[in-house]
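Let me begin by presenting the structure, written as structure tokens, before commenting on it.
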Amino acid sequence: MIRGAVFFDVDGTLTPTSSGQHLAELVGNAKEIAQIQAGYGAGTLSSDESCVLEARGWASRTPAEAQAFLESMPLVDGIAETVSWCRAHSLVPVLATLAWDFVGTYLCSRFGFDRACGPRLQIVDGRYSGEVAEQFDENAKRDFAVRVAAEVGVDLRHCAAIGDGRSDVPLFGVVGCAIALNATPEARAAASATVNGSDLHAVVPALSAWLETIALPVN
């Protein structure tokens with residue numbers, strides 16, 4: 001029986017900084033990516049604008065290069081343990097993120113998340129073209145969670161979200177439990193609980209307290 005779902009952000013939540021900043025070391029445009037991400041965080045760039053700018057640096061790179069570089073991506077402690085805790089409590093762990101879709105695919109494979117979302121880079125003749133094939137913004141992230149909840153058969157009140165920034169705010173507004181982890185003031189203001197720490201498992205007490213308020217669905 002599925003009791004609910006937990007949606008995890010990636011950048012700044014599962015990673016200490018961002019997957020994009022790490023991947024910029026491969027692409028060779030770390031300074032530009034830092035400026036783009038700062039612009040998004042400050043609200044001077046939209047998600048779509050940020051994606052277009054970031055995608056340009058991927059021109060001529062291959063998916064294999066990206067996947068290989070993800071192996072060295074810094075991650076917070078406690079991811080596997082937290083996913084296991086969710087599974088043990090009949091909660092579906094899902095990645096709801098604006099990181100490139102291949103980042104979510106990698107983390108699903110490595111840690112056992114159920115599924116992921118994210119913008120997609122265009123591939124032409126086996127290489128990234130430097131263009132965006134599919135955009136994905138903070139509202140699409142919220143809508144993805146709404147669809148997943150419907151697909152697994154749970155009410156949004158029986159869903160939780162964990163994130164740290166601007167892209168999490170719309171999702172925080174529709175779930176039953178919103179946890180701001182090492183978050184910006186904007187995300188903290190939208191959350192129902194605030195947690196700080198370098199280990200993802202630090203969110204478990206807040207999830208446990210919320211879970212006690214959920215009545216088991218009747219089949």
Side-chain angles (χ1 to χ4, degrees), residues 7-76 79-80 83 93-145 147-148 151 161-171:
F7 297 95
F8 295 85
D9 179 42
V10 172
D11 292 338
T13 301
L14 301 190
T15 64
T17 53
S18 76
S19 58
Q21 197 65 54
H22 175 70
L23 290 165
E25 297 176 22
L26 165 67
V27 177
N29 61 346
K31 182 177 179 180
E32 291 85 349
I33 293 299
Q35 292 173 339
I36 293 166
Q37 294 186 348
Y40 175 76
T44 58
L45 286 175
S46 69
S47 175
D48 288 359
E49 290 168 334
S50 298
C51 277
V52 168
L53 293 171
E54 288 196 31
R56 292 173 183 170
W58 284 96
S60 81
R61 297 289 183 173
T62 67
E65 287 179 296
Q67 287 296 317
F69 210 64
L70 286 173
E71 295 292 338
S72 62
M73 181 169 64
L75 297 167
V76 300
I79 297 175
V83 169
V94 178
L95 293 175
T97 174
L98 300 192
W100 295 115
D101 68 326
F102 60 80
V103 176
T105 299
Y106 166 77
L107 292 171
C108 285
S109 176
R110 179 171 173 179
F111 293 106
F113 291 98
D114 188 77
R115 66 189 82 180
C117 59
R120 185 165 53 88
L121 288 165
Q122 183 184 70
I123 299 174
V124 177
D125 296 330
R127 292 182 178 273
Y128 295 121
S129 69
E131 302 291 334
V132 179
E134 182 179 355
Q135 289 281 9
F136 201 89
D137 65 10
E138 56 267 27
N139 292 319
K141 179 174 172 175
R142 174 202 59 207
D143 296 343
F144 165 77
R147 290 195 302 273
V148 170
E151 289 170 8
I162 300 164
D164 71 298
R166 171 185 169 188
S167 73
D168 301 296
V169 172
L171 177 54

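No side-chain heavy atom of S47 sits under 4.5 Å from any side-chain heavy atom of F136. You'll find the side chain of P74 stays beyond 4.5 Å of the side chain of T17, heavy atoms only. In this structure the side chain of L95 reaches within 4.5 angstrom of the side chain of L14, judged on heavy atoms. Using a 4.5 Å heavy-atom cutoff, the side chains of F111 and L75 are in contact. The shortest distance between side-chain heavy atoms of V132 and E54 does not fall below 4.5 Å. Looking only at side-chain heavy atoms (C-beta outward), F144 and V94 come within less than 4.5 Å of each other. The shortest side-chain heavy-atom distance between L45 and L53 falls under the 4.5 Å cut-off.
Atom CD of E138 sits about 11.0 Å away from atom CG of D143, to the nearest 0.5 Å. How far CD of Q67 is from OH of Y106: 8.5 Å, rounded to the nearest 0.5 Å. Here the CD atom belonging to E134 is positioned 11.0 Å from the CG atom belonging to L121, to the nearest 0.5 angstrom. In this structure, CH2 in W100 is found 13.0 Å from CG in L70, a value given to the nearest 0.5 Å. Between the CG atom in D9 and the OG1 atom in T15 there is a gap of 8.0 Å [rounded to 0.5 Å]. Within the model, atoms CG of D137 and CG of L98 stand 7.5 Å from one another, a figure rounded to the nearest 0.5 Å.
For Y128, the ring-ring contact (aromatic ring centres under 6.0 Å, His included) criterion is met by W58, not counting sequence neighbours.
For the pair E65 and S60, the tightest heavy-atom approach, listed with the atom from each and the gap, is OE1-O, 4.5 Å. Between D101 and G118, the closest heavy-atom pair is CB-O, 4.0 Å. Nearest heavy-atom pair across A99 and P119 is O-CD, 3.2 Å. Residues K141 and L171 approach most closely at CE-CD2, 4.5 Å, considering heavy atoms. When all heavy atoms are compared, the tightest approach of A96 to C117 is CA-SG, 3.7 Å. Nearest approach of S46 to Y40, heavy atoms of both residues: C-CD1, 3.9 Å.
Taking the six-membered ring for Trp and thresholds of 30 and 60 degrees, H22 and F69 have nearly parallel ring planes, at less than 30 degrees apart.
Under a 3.5 Å cut-off, the side chain of Q135 and the backbone N or O of D48 do form a donor-acceptor pair. Under a 3.5 Å cut-off, the side chain of T13 and the backbone N or O of V10 do not form any donor-acceptor pair. One N or O on the side chain of Q21 and one on the backbone of A30 form a donor-acceptor pair closer than 3.5 Å. The backbone N or O of D11 sits nowhere less than 3.5 Å from a side-chain atom of S18 that would complete a donor-acceptor pair. Put simply, the side chain of R61 never gets that close to the backbone of A66: no donor and acceptor are under 3.5 Å apart.
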- Task: Under the side-chain contact (heavy atoms from CB on, under 4.5 Å) rule, what do V148 and D114 come out as? Steps first, then yes or no, please.
- Result: CA-CA 10 Å; V148 170; D114 188 77; 5.6 Å; no

